[in-house]
Amino acid sequence: MKSKIAEQVKIASGTEFSLGEIESWIEKPKFSTMGDYAFPCFRLAKEFRKAPHLLAGEIAQAFTLKEIVRTEAAGGYVNFYLDLPLYSAKVLKDVLSKGADYGRQDLGKGKAITMDLSSPNIAKPFSMGHLRSTVIGNALANVTEKLGYNVIRINHIGDWGTQFGKLITAYKIWGSEEKVKKSPIPELHKLYVHFHEQAENNPSLEDEAREWFKRLEDGDKEAVTLWQWFREVSLEAFSEVYKKLDISFDSYNGEAFYNDKMDDVIAVLEDEGLLEESEGARVVRLDEEGLPPCLIQKRDGATLYATRDLAAAFYRKREYSFEKSLYVVGNEQSLHFKQLKAVLKKLNIAWAEDLVHISFGMMLKDGKKMSTRKGKIVLLEEVLEQSMALAEEAIKEKNPNLKEKQQVAHAVGIGAVMFHDLKVFRQNDVHFELKDMLRFEGETGPYVQYAHARACSILRKAEAEEEASTSETVAPAAFGEAERAIVMKISAYDEVIQEAFAEWDPSKIAKYAIDLAQLFNQYYAHTHILNEEDKDVKGQRLLLLKATTIVLKESLRLLGIKAPEEM
RNA sequence: GUCCCAGUAGCUCAGCUGGAUAGAGCAACGCCCUCCUAAGGCGUAGGUCGGGAGUUCAAAUCUCUCCUGGGACGCCA
């Protein structure tokens, strides 16, 4: 639509600006009384050395387009009013014929994108802090898939590193096999926290931990056995969380997976003459890039985070030949990813630029970062359980006859927590506040789910009526102001998906879902649908509802949230 | 100290590729279930867009500077 308007504007004004430029200036007015589209004439006014409002008048005069019923000049703008029935018919036909595929594109056909998401550390509980990477990454993966890309979801499990030396040390000194078997993660976490408390007064513990990790890397049998055990019980616990969230991965290749690929990385860096000795460790200097040096190998020969990520990048490029490789990781690691890219560039690797760090703000508790080391964390599972319990209470109170209360409580409870994390721009820090997270009113997941359920309810009732009351053909002749906003919002769906993709920002989808739900709730409150006497009008309104449920459900799906038909 | 991110209503946030009267939700106050699920709708009140300077016909939006908060800065990940 915008391109058609742009074409006509160009003809009507005779401007030298390109169609693309003109199209990009077309906006949606703030108020619907100012039309459906608007074109600001200020730039053209400069080109022609003419007053904007005069130019707007001229363009409005000369403008003709069959989809536009009215064109008006107002304060330097040209406002366009769509032929609503004509436009609505086009939009509704599109949604109803495509269903869940509405908004799908094949932009990324035949191209692969790897996405590094969630990536919890084993032997540590799944905290609220890890929710962000999991939920944002999952939503971005869904959006990317919707645009036709082949997305590989990689859970880069934190299962390697000095921390396991610490854990083994702690277990050897204070641990009990019995206790760990009984409740693995809490017990291992307790040992980890205890280690850090003790290490403050006893630095030799740190040395011991480093030694144990070195032994692990060298394949020491005792170390490997303990490590495997810790890893196994951790993954079992994580899978419970992922089941609740209904999120799955294509690969669980974590850091340990790259253990046997590390020598190659070091060899390549050596061949290129990039490795330097520094204070006993081996580093790649990044002075020219204005970055601190990247540590590759510790004094004792053990590897580091960066070494493993380099190995992972090479492996993924080989294995998946990705077009882009995304890392959905908190912004406290932005230096690490800058260094990673810088090292790859020093190796003259062309695809270094294809690595993208999708950073996000952190979950703060009492205004500070949560710390696993100090045991200052909030457990995700506990929050999810609470949320589901609250949802169940709400159902008992509001809709006691509902069947499948459990499933709905699950969808609503989880949906509330996930949506809470997704609706805010990812770069912002999130202050953990349980009562905000467990809210079901206002701009929340359950609000959107509720709008969807209400619309479904009407459609269900309409179908149950004796004579089928949904119209067969789309002919919304009677659509007026009440329907306008919903139609316009539905038609903006694919733009929103593209924006979310271009900016790697799922909050755009969440906000869109709220907007559409809000418009529907307003419509619901002010317009009769089932009770409408004119059968044609009723039938067309039901079609609008049908389209609305499709788009609401699909928006929620992109966010990883379920849309129950009743709640 | 250096670098990164953020500062918009009491609170949580939209708006930021410059454009028409700065928008929501929560909290507060007041209305609306003899019509489709009140997890809803309608209304009232609430703002020096952190401060200052600059660019522009036009700045919450761009540039500079200062202030505040968070984070990162060699053998953790």
Side-chain angles (χ1 to χ4, degrees), chain A residues 24-25 27 29-31 34 38 40-43 45-46 51-52 74-77 79 119 121 158 160-163 165-166 206 209-210 213 255 278-283 290-300 302-306 308-309 329-336 338 359-362 364 367-369 372-373 391 394-395 397-399 402 412 416 420 423-425 427-431 433 435-436 439-444 446-447 449-451 453-462 507 511 514-515 518 521-532 545 566-567:
Chain A
S24 73
W25 297 334
E27 33 184 282
K30 273 191 209 159
F31 307 97
M34 299 189 296
C41 298
F42 306 98
R43 287 185 187 78
K46 211 165 201 179
Y77 285 83
N79 293 335
S119 312
N121 293 324
W160 209 244
T162 313
Q163 50 176 328
K166 293 178 184 174
E206 300 271 5
R210 276 190 282 272
F213 175 56
E255 296 185 57
S278 169
E279 297 168 34
R282 307 180 85 188
V283 306
L291 295 170
C294 182
L295 277 265
I296 300 294
Q297 216 171 6
K298 297 200 281 190
R299 200 174 307 155
D300 61 8
T303 62
L304 286 148
Y305 187 37
R308 295 190 278 278
D309 257 1
V329 180
N331 56 19
E332 72 264 34
Q333 290 191 27
S334 56
L335 178 60
H336 164 73
K338 272 186 201 161
S359 65
F360 53 83
M362 37 189 144
L364 301 178
K368 297 279 175 199
K369 185 183 177 179
T372 14
R373 295 186 190 187
I395 291 167
E397 183 196 322
K398 294 169 201 294
N399 195 356
L402 181 68
V412 172
H420 176 82
K423 77 166 188 219
V424 176
F425 176 54
Q427 211 59 260
N428 293 356
D429 288 344
V430 174
H431 296 262
E433 198 62 65
K435 71 175 191 327
D436 287 342
R439 257 184 38 227
F440 298 160
E441 288 140 38
E443 294 175 336
T444 65
Y447 176 90
Q449 291 171 319
Y450 183 62
R454 285 170 120 188
C456 285
S457 167
I458 294 180
L459 290 169
R460 221 171 21 245
K461 288 188 174 163
S507 75
K511 272 159 211 148
I514 287 175
D515 286 347
Q518 210 165 49
N521 276 332
Q522 285 161 3
Y523 188 65
Y524 181 96
H526 300 293
T527 311
H528 290 185
I529 298 154
L530 284 177
N531 302 330
E532 171 59 43
L545 249 59
E566 279 181 83
M567 63 185 271

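Note on naming: letters A, B, ... go to the chains in the order of the sequence lines (proteins, then strands), and numbering restarts at 1 for each one.
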>> Among B/A20, B/C76, B/A14, which nucleotide has an atom closest to any side-chain atom of A/K298?
In response: B/C76

> Listed by chain and number, what are the salt bridge (charged side-chain N to carboxylate O under 4.0 Å, His left out) partners of A/R210, not counting sequence neighbours?
Replying inline: A/D207

> Do A/W160 and A/Y305 have ring centres separated by under 6.0 Å?
Replying inline: no

For nucleotides 21-28 of chain B, give me every protein contact, N/O to N/O, under 3.5 Å, one pair per line with atom names.
from  : atom 1 : to     : atom 2 : distance (Å)
B/A24 : O2'    : A/E443 : OE2    : 2.4
B/G25 : O4'    : A/E443 : OE2    : 3.4
B/G25 : O2'    : A/R439 : NH2    : 3.1
B/G25 : O2'    : A/E443 : N      : 3.3

>> Going by the rule salt bridge (charged side-chain N to carboxylate O under 4.0 Å, His left out), which residues pair with A/E255 if we only count those two or more places apart in sequence or in a different chain?
In response: A/R308

> Closest approach of A/L291 and A/K338, non-hydrogen atoms and distance?
Replying inline: CD1-O, 3.9 Å

>> As a test of reading the structure: which of B/C4, B/A72, B/A39 is closest to the side chain of A/K338, going by heavy atoms?
In response: B/C4

>> In the structure I gave you, are the side-chain heavy atoms of A/F213 and A/D300 within less than 4.5 Å of one another anywhere?
In response: no

> Quick one: salt bridge (charged side-chain N to carboxylate O under 4.0 Å, His left out) partners of A/D429, sequence neighbours excluded?
Replying inline: none

>> Checking contacts here: which listed nucleotide (B/A20, B/G74, B/C76) is nearest the side-chain heavy atoms of A/S278?
In response: B/G74

> Between B/A20, B/A39, B/A77, which nucleotide gets closest to the side-chain atoms of A/R308?
Replying inline: B/A77

>> Heavy atoms only, 4.0 Å cut-off, all strands: where does A/S119 land among base, sugar-phosphate and nothing?
In response: nothing

> Which pair of heavy atoms, one from A/R454 and one from A/N521, lies closest together, and at what distance?
Replying inline: NH1-OD1, 2.8 Å

> ring pair (Phe, Tyr, Trp, His ring centres under 6.0 Å) with A/Y450: which residues, sequence neighbours excluded?
Replying inline: none

>> The criterion is side chain to side chain donor-acceptor pair (under 3.5 Å); which residues satisfy it with A/E441, sequence neighbours excluded?
In response: none

> Counting only distance, no hydrogens or angles, is the base of B/A20 paired donor-acceptor with the side chain of A/N79 under 3.5 Å?
Replying inline: yes

>> With a 4.0 Å limit, can you tell me whether A/Y447 has a side-chain N or O closer than that to the phosphate oxygens OP1/OP2 of B/A38?
In response: no

> Nearest to the side chain of A/S334 - B/G74, B/A39, B/C4?
Replying inline: B/C4

> Would you say a side-chain N or O of A/R210 is under 4.0 Å from OP1 or OP2 of B/C76?
Replying inline: yes

>> With nearest nucleotide decided by heavy atoms, which residue, A/F42 or A/Y450, maps closer to the 5′ end of RNA chain B?
In response: A/F42

> When we call it a touch if two heavy atoms are under 4.0 Å apart, what does A/P52 touch: a base, just sugar-phosphate, or nothing?
Replying inline: nothing

>> Run the side chain to side chain contact (heavy atoms under 4.5 Å, CB included) test on A/F440 and A/M567 for me, step by step, so that the C-alpha distance in whole Å, both residues' side-chain angles and the decisive distance to 0.1 Å come before the verdict.
In response: CA-CA 12 Å; A/F440 298 160; A/M567 63 185 271; over 6 Å; no

>> Just the rounded figure in Å: distance from P of B/C76 to CG of A/D309.
In response: 16 Å

Atom pairs under 3.5 Å, N or O on each side, protein against nucleotides 33-36 of chain B: can you list them with distances?
from  : atom 1 : to     : atom 2 : distance (Å)
B/C35 : O2'    : A/N531 : ND2    : 3.1
B/C35 : O2     : A/H528 : ND1    : 3.1
B/C35 : O2     : A/H528 : NE2    : 2.1
B/C35 : N3     : A/H528 : NE2    : 2.9
B/C36 : O3'    : A/K461 : NZ     : 3.0
B/C36 : O2     : A/L530 : N      : 2.9
B/C36 : N3     : A/I529 : N      : 3.2
B/C36 : N4     : A/Y524 : O      : 2.7
B/C36 : N4     : A/T527 : O      : 2.4

Dump every N/O contact between nucleotides 67-70 of chain B and the protein below 3.5 Å, one line per pair.
from  : atom 1 : to     : atom 2 : distance (Å)
B/G70 : OP1    : A/K368 : NZ     : 2.7
B/G70 : O2'    : A/D429 : OD2    : 3.4

>> Within 90° of 0 counts as syn, otherwise anti: where does B/G74 fall?
In response: syn

> Given B/A39, B/A77, B/A14, which nucleotide is nearest the side-chain atoms of A/K511?
Replying inline: B/A14

>> OP1 or OP2 of B/G40 versus the side-chain N and O atoms of A/Q522: is any pair under 4.0 Å?
In response: no

>> Checking understanding here: a glycosidic angle within 90° of 0 is syn, the rest anti, so what is B/C33?
In response: syn

> Mapping A/V424 and A/T303 to their closest nucleotides on RNA chain B, which lands nearer the 5' end?
Replying inline: A/V424

>> If you only use heavy atoms from C-beta on, which nucleotide in B/G74, B/A77, B/A39 is closest to the side chain of A/V283?
In response: B/G74

> In the 5'-to-3' direction, what one-character label does each nucleotide of nucleotides 59-65 of chain B receive under the scheme B = base within less than 4.0 Å of a protein heavy atom, S = sugar-phosphate only, - = no such atom?
Replying inline: -------

> Do A/V329 and A/H336 come within less than 4.5 Å of each other through their side chains, counting heavy atoms only?
Replying inline: no

> Which string of ( ) [ ] | and . matches RNA chain B, if you list each base 5' to 3' and count Watson-Crick or G-U pairs only when both distances are under 3.5 Å?
Replying inline: (((((((..((((.....[...)))).(((((.......))))).....(((((..]....))))))))))))....

> Mind checking what makes side-chain contact (heavy atoms from CB on, under 4.5 Å) contact with A/A51, not counting sequence neighbours?
Replying inline: A/H53, A/L54

> In chain order, what residues pass the side chain to side chain donor-acceptor pair (under 3.5 Å) check against A/R439, with sequence neighbours excluded?
Replying inline: none

